[in-house]
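A short worksheet on the structure shown next.
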Amino acid sequence: GPPTVLLSREDEEELADGKTIMRVISNRPADESREGGARRLLMVRDVAAPKDVVLDRIGDFAAYPRMVKGCDACHVYKREGRPDGTEEVRCEY
């Protein structure tokens with residue numbers, strides 16, 4: 001499910017300085033069903049842009065190699081719409 005985001009005073013100060021907060025919120029080792037394991041990250045950043053522009057950028061997985069430092073490739077292996085209108089997308093980086 002969605003992570004609970006608790007930001008410290010120091011985190012809030014970092015955001016106010018224009019920095020990004022990033023945390024690993026789960027790190028699963030490799031198993032029989034997935035070769036390389038899985039890692040789930042949480043990133044928080046204040047962005048001065050309309051939310052539709054921000055969400056379009058976040059969902060542009062083909063552009064991740066250009067936009068995300070350390071990402072050489074991004075392959076969507078699952079995309080599933082949900083009854084509530086949200087979408088689950090899983091990628092390999």
Side-chain angles (χ1 to χ4, degrees):
T4 300
V5 180
L6 297 175
L7 299 176
S8 68
R9 180 173 299 193
E10 292 81 17
D11 291 336
E12 294 285 355
E13 289 171 2
E14 295 282 314
L15 288 171
D17 287 340
K19 297 179 181 168
T20 300
I21 306 300
M22 184 171 72
R23 296 206 178 86
V24 175
I25 58 173
S26 102
N27 211 359
R28 251 187 2 238
D31 61 21
E32 294 175 14
S33 64
R34 285 202 42 77
E35 273 182 30
R39 183 167 63 164
R40 188 172 183 195
L41 301 175
L42 171 71
M43 295 182 75
V44 180
R45 181 166 189 157
D46 288 333
V47 179
K51 65 181 176 182
D52 59 322
V53 171
V54 173
L55 291 173
D56 284 347
R57 282 293 186 97
I58 291 170
D60 188 0
F61 300 105
Y64 273 34
R66 290 191 326 270
M67 295 189 307
V68 180
K69 184 179 179 180
C71 179
D72 298 324
C74 181
H75 169 71
V76 175
Y77 66 88
K78 179 181 180 181
R79 185 180 292 266
E80 183 177 305
R82 295 186 173 170
D84 65 1
T86 61
E87 184 178 44
E88 177 181 340
V89 182
R90 296 185 185 192
C91 303
E92 293 177 317
Y93 299 87

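Among pairs with a residue in residues 49-65, none fulfils side-chain hydrogen bond (donor to acceptor under 3.5 Å, both in side chains), at least two apart in sequence or across chains. Sorted by first and then second residue, the side-chain hydrogen bond (donor to acceptor under 3.5 Å, both in side chains) pairs with a member in residues 5-16 read S8-E10, S8-D11, D11-R23; sequence neighbours excluded.
When hydrophobic clusters are built by joining Ile, Leu, Val, Met, Phe, Trp and Tyr residues whose side-chain heavy atoms come closer than 4.5 Å, directly or via intermediates, I58 is not grouped with V44. Transitive grouping of hydrophobic side chains (ILVMFWY, heavy atoms separated by less than 4.5 Å) keeps I21 and V54 in distinct clusters.
Residues D72 and P65 fail the side-chain proximity criterion, which asks for heavy atoms closer than 4.5 Å.
Between E88 and R90 a salt bridge is recorded (basic side-chain N to carboxylate O distance below 4.0 Å).
Atom CZ of F61 and atom CE of M67 lie 9.0 Å apart (nearest 0.5 Å).
With sequence neighbours excluded, no residue forms a salt bridge (Lys or Arg N to Asp or Glu O under 4.0 Å) with R66.
Judged by distance alone, with hydrogens and angles left aside, the side-chain atoms of D17 form no donor-acceptor pair with the main-chain N or O of K19 at under 3.5 Å.
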